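Structure record follows, encoded as structure tokens.
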There are 2 protein chains.
Amino acid sequence: MTSRRPPTAQQFVLEELRRAITTGRLRPGEPIRQEVLADELDVSRVPLREALKTLQGEGLVGHRAHRGYYVEQLSLDDLREVYLIRDLLEAEAVRRAVGRLTDAGLAAAEAAQAEVERAAEAADVLAMAEANRRFHMAIFECAGLPRLVRLIRTLWDSTDAYRSVYYAEEANRRRVIEEHRATLDLLRRRDAEGAVALLAGHRAAAVEAIESVLG
Amino acid sequence: MTSRRPPTAQQFVLEELRRAITTGRLRPGEPIRQEVLADELDVSRVPLREALKTLQGEGLVGHRAHRGYYVEQLSLDDLREVYLIRDLLEAEAVRRAVGRLTDAGLAAAEAAQAEVERAAEAADVLAMAEANRRFHMAIFECAGLPRLVRLIRTLWDSTDAYRSVYYAEEANRRRVIEEHRATLDLLRRRDAEGAVALLAGHRAAAVEAIESVLG
DNA sequence: TTCCTGTATTTTGGATCCAAAATCCAAATA
DNA sequence: TATTTGGATTTTGGATCCAAAATACAGGAA
């Protein structure tokens, strides 16, 4: 059981900030006024600042001495770079995952996929994005490389804001579902290279779609 | 010109803490007593805590709610995992670096290598480790992928403590110098795959040496 | 007008203070 | 003796307060 304990203010602020940034409520480039945010979240500036420090480590916000924090904005080049790094890391994660795939791991991915489809049905973009994340993470987790998974997770965080653009399109949502099904098939057959290639295409399509919108 | 400005307390504390951890003055697993450390560094607990938060993001320290921070210790598995991730990222960085290698970049690497050799001559292990880092980073920087380089840098940080073990041996120091020279040769000839392979061996040797000491 | 320049205001960075959680330790009980 | 329990102590988490840096702005000179 994961600690049922009143969450510390920092954790609360951290979650809240992540949401605010990835949903775009705090817009890229915008300076973060500590006092204002602290008042809004009803905490003092101390836990806020600590949360911002971890967000800085994840690349979601930037900081300049005596000028304060600001929401980091990804250029198109940055986006491509993040996806390049993801290609490198996720390919390895999938390769390893296939090698040590367990029934439980596969079941977790299947469960997540069921949620993805349910969310797509209901046209609930946010829920779909979340379930999609669980689907992929479930697979990565099987690799048994916790640090690698943690890195991948923070890379996902840093581009969350853009992924919503992708899911906005009905066609993309259908595509995601198809590719997930195909991925599960390949996993069941323990076809590592097939899965790696498929997921690489999966990412490439996302990048391309996002680029075409932003470019 | 890199800002000549009185460094903020946080930056000072951050550097100091990194040094303390990577040199082993703060030992793995050891809990970090904030008040004590703050007194030692002659700052209040606030900037200390913020520095610890960034260190946590880098994986150098861990944190548990209401129990505080502690120096993260890497198991052998963790060490292998970090080096696996480095393999993936650095291979790509080198490949790209060779493609867009500039005279300035090459010169930077050569300058760093000169320092490595000077430090080795003087048997100054710490200076050698630092120069070695500059050598590799100089190469990676040429890739023109700042996020990738930043990731690699934090991976290096997380294993700095172990690298000193490697440099303690005279034979290893000689080996490093040889391999660096060979690397520079390959770079001058724009032999990307050769450099990638050589540096992979470079890392493998380090892991093996460290394992044999700790195992 | 445009460009300085010096001052008021805002905002961040850091120190101190307070509350809450965890640890420690001794006495009491089974 | 081993274990539990109740408080004293320590240590962290958070709020408030103060200092220093940056920004905004008004007035003056070219």
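Just so it is clear, the values below take in all heavy atoms, side chains as well, and ignore hydrogens, waters and symmetry mates. The model shown is predicted, which means the values in this text are computed figures rather than measured ones. Proteins come first, then strands; the chains are lettered A, B, ... in the order of their sequence lines, and each starts at number 1.
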Query raised in the report: Any donor-acceptor pair under 3.5 Å between the side chain of A:R49 and the base of D:dG14?
Result: no
Query - N/O donor-acceptor pair, side chain A:R45 with base C:dG13, under 3.5 angstrom - result: yes
Rounded to the nearest Å, what distance is computed from the [atom1] atom of residue [X] to the [atom2] atom of nucleotide [N]?
X: A:E35; N: C:dT9; atom1: CD; atom2: P; value: 17 Å
X: A:R67; N: D:dA20; atom1: CZ; atom2: C1'; value: 15 Å
X: A:L52; N: C:dT11; atom1: CG; atom2: P; value: 16 Å
X: B:Y70; N: D:dT11; atom1: OH; atom2: C1'; value: 17 Å
X: A:Q56; N: C:dT12; atom1: CD; atom2: P; value: 14 Å
X: B:F12; N: C:dG13; atom1: CZ; atom2: C1'; value: 16 Å
X: B:L37; N: D:dT11; atom1: CG; atom2: P; value: 13 Å
X: B:H66; N: D:dT9; atom1: NE2; atom2: P; value: 22 Å

[Y] versus [X], side-chain donor and acceptor atoms under 3.5 Å:
X: A:D157; Y: A:T154; result: no
X: B:E15; Y: B:Q11; result: no
X: A:H180; Y: A:Q113; result: yes

**Report entry** A:E208, CD atom: more than 12 neighbouring heavy atoms under 6.0 Å
**Finding:** no
Counting side-chain heavy atoms from C-beta on, which of [options] comes nearest to [X]?
X: B:S44; options: C:dA22, D:dA22, C:dA15; answer: C:dA15
X: A:V46; options: C:dT12, C:dA15, C:dA22; answer: C:dA15
X: B:R33; options: C:dA21, D:dT11, C:dT12; answer: D:dT11

With a 4.0 Å limit, can you tell me whether [X] has a side-chain N or O closer than that to the phosphate oxygens OP1/OP2 of [N]?
X: B:H63; N: D:dG13; value: yes
X: A:Q10; N: D:dG14; value: yes
X: B:Q34; N: D:dG13; value: yes

Report task. From the options B:E179, B:R175, B:E90, select the one residue that forms a side chain to side chain contact (heavy atoms under 4.5 Å, CB included) with B:H202. Result -> B:E179
Query raised in the report: So what does A:I32 touch, heavy atoms closer than 4.0 Å: a base, only the sugar-phosphate, or nothing?
Result: sugar-phosphate
Requested in this report: Select base, sugar-phosphate, or nothing to describe what A:E50 touches, counting heavy atoms under 4.0 Å on all strands.
Outcome: nothing
